[in-house]
Amino acid sequence: MIKYMVIGLAVLFTSCNHTPQKAAMPVKRKNKPRVLSTYPDSLYTDTLKLSGKQMVFFMPTQKEFDTIVEKEGEDSGTNEIVGDFGVYMNQVVDSLKKSPWLKTTITDKHIITITFNNGHTMSVNRTKGITLVGTILCDDVKRPQIDYGVATSGDYWIMIDEYYGKD
């Protein structure tokens with residue numbers, strides 16, 4: 001038995017004919033290597049850039065909405081939240097269209113970047129809030145006001161008056 005084991009090991013070691021290879025020469029690059037971003041491409045296409053006086057209404061994408069309803073069920077209140085938000089939002093947006101001193105934007109973008117008149121920027125990830133919907137009031141100077149949740153059109157007018165001052 002030992003004889004067969006010795007023969008087996010001898011065959012095993014002699015059958016692996018390993019010849020060392022020369023080290024590969026480094027390849028010279030004609031161009032500098034590209035630095036790849038660690039951010040997904042969708043981050044750049046899923047960003048809303050703002051400046052100036054604006055009121056932004058943000059809400060989930062249809063896909064996000066469908067996923068939430070599928071996960072939490074039809075009775076989760078998601079339909080009511082998004083529905084009520086849409087009604088009050090449209091009342092304010094329609095009124096502000098007649099008096100364009102404050103631009104309004106409706107978005108489902110994940111990242112909202114605000115640029116101030118001094119060149120500084122601030123980014124808000126709308127998915128980090130406590131609810132699906134909300135608003136951002138911003139101008140070129142002061143810190144934006146971010147409100148999560150549904151408010152009535154009257155509440156939105158109070159927010160506008162308090163943030164921008166009564167005109």
Side-chain angles (χ1 to χ4, degrees), residues 27 29-167:
V27 178
R29 296 184 183 267
K30 292 181 182 180
N31 300 322
K32 291 182 179 179
R34 292 183 347 183
V35 177
L36 299 178
S37 172
T38 57
Y39 293 107
D41 289 338
S42 64
L43 183 63
Y44 296 111
T45 59
D46 199 23
T47 300
L48 173 66
K49 296 180 180 181
L50 307 172
S51 62
K53 287 185 178 183
Q54 291 199 44
M55 182 170 196
V56 179
F57 294 89
F58 58 87
M59 60 179 51
T61 64
Q62 186 63 48
K63 184 177 178 182
E64 290 170 329
F65 175 80
D66 293 342
T67 301
I68 292 166
V69 170
E70 183 180 310
K71 180 180 169 185
E72 296 181 7
E74 291 286 333
D75 297 330
S76 66
T78 303
N79 286 321
E80 289 78 14
I81 291 170
V82 174
D84 290 349
F85 180 76
V87 168
Y88 297 124
M89 172 190 67
N90 285 326
Q91 291 173 357
V92 173
V93 169
D94 289 345
S95 294
L96 285 171
K97 283 181 184 176
K98 298 172 188 168
S99 163
W101 68 272
L102 180 62
K103 182 179 176 183
T104 55
T105 303
I106 302 167
T107 188
D108 61 7
K109 301 281 188 182
H110 284 91
I111 306 296
I112 301 161
T113 300
I114 301 150
T115 302
F116 299 95
N117 63 359
N118 63 3
H120 290 104
T121 60
M122 175 184 170
S123 293
V124 176
N125 184 339
R126 71 157 175 84
T127 62
K128 299 296 182 193
I130 56 175
T131 187
L132 300 170
V133 297
T135 58
I136 299 174
L137 294 169
C138 62
D139 67 9
D140 288 340
V141 181
K142 57 185 163 180
R143 185 168 181 80
Q145 177 179 317
I146 305 166
D147 294 290
Y148 291 95
V150 178
T152 66
S153 55
D155 293 330
Y156 288 134
W157 288 116
I158 291 169
M159 288 180 209
I160 290 169
D161 287 343
E162 289 176 353
Y163 185 79
Y164 296 106
K166 297 185 183 204
D167 291 334

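All values below come from the heavy atoms of this structure, side chains included, with hydrogens, waters and symmetry mates left out.
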Ignoring hydrogens, what is the shortest heavy-atom contact between [X] and [Y]? Give both atom names and the distance.
X      : Y      : result
Asp147 : Phe58  : O-CZ, 4.2 Å
Asp139 : Phe116 : O-CD2, 4.0 Å
Met55  : Tyr164 : N-OH, 4.5 Å
Asn125 : Tyr148 : O-OH, 4.2 Å
Tyr156 : Met89  : CE1-N, 4.3 Å
Cys138 : Tyr163 : CA-OH, 3.6 Å

*Should the heavy atoms of other residues, nucleotides or ligands under 6.0 Å from CG of Asp75 be counted, would the total exceed 12?*
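Result for CG/Asp75: open.
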_Tell me whether Lys49 at atom NZ has more than 12 heavy atoms from other residues, nucleotides or ligands lying less than 6.0 Å away._
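Counting neighbours around NZ of Lys49, 12 or fewer heavy atoms of other residues, nucleotides or ligands fall under 6.0 Å, so no.
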Out of curiosity, [X] [atom1] to [Y] [atom2], how far, rounded to the nearest 0.5 Å?
X      : Y      : atom1 : atom2 : value
Met159 : Leu137 : CE    : CG    : 7.5 Å
His110 : Ser123 : NE2   : OG    : 14.0 Å
Ile106 : Phe85  : CD1   : CZ    : 8.0 Å
Ile112 : Gln54  : CD1   : CD    : 10.5 Å
Lys63  : Ile68  : NZ    : CD1   : 12.5 Å
Leu102 : Ser95  : CG    : OG    : 11.5 Å

*Does the side chain to side chain contact (heavy atoms under 4.5 Å, CB included) test come out yes or no for Asp108 and Glu64, once each step is laid out?*
CA-CA 10 Å; Asp108 61 7; Glu64 290 170 329; 5.6 Å; no
*Who pairs with Glu80 by salt bridge (charged side-chain N to carboxylate O under 4.0 Å, His left out), at least two apart in sequence or on another chain?*
none
*Carefully, step by step, assess Thr115 and Thr121 under the rule side-chain hydrogen bond (donor to acceptor under 3.5 Å, both in side chains).*
CA-CA 4 Å; Thr115 302; Thr121 60; 5.8 Å; no
*Counting only N and O atoms by type, is there a donor-acceptor contact under 3.5 Å from the side chain of Asp161 to the main-chain atoms of Ile158?*
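A pair under 3.5 Å: no.
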*asked:* Show, in sequence, the C-alpha distance, side-chain angles and deciding distance for Glu74 and Val69, and conclude whether the side chain to side chain contact (heavy atoms under 4.5 Å, CB included) test is met.
replied: CA-CA 6 Å; Glu74 291 286 333; Val69 170; 3.4 Å; yes
*asked:* Evaluate Thr135 against Phe57 for side chain to side chain contact (heavy atoms under 4.5 Å, CB included), listing each step before the verdict.
replied: CA-CA 5 Å; Thr135 58; Phe57 294 89; 3.5 Å; yes
*Start with the C-alpha distance between Val56 and Ile114, add both sets of side-chain angles, then the distance that settles side chain to side chain contact (heavy atoms under 4.5 Å, CB included), and finish with yes or no.*
CA-CA 11 Å; Val56 179; Ile114 301 150; over 6 Å; no
*Is there side-chain contact between Val133 and Pro60, with heavy atoms separated by less than 4.5 Å?*
yes
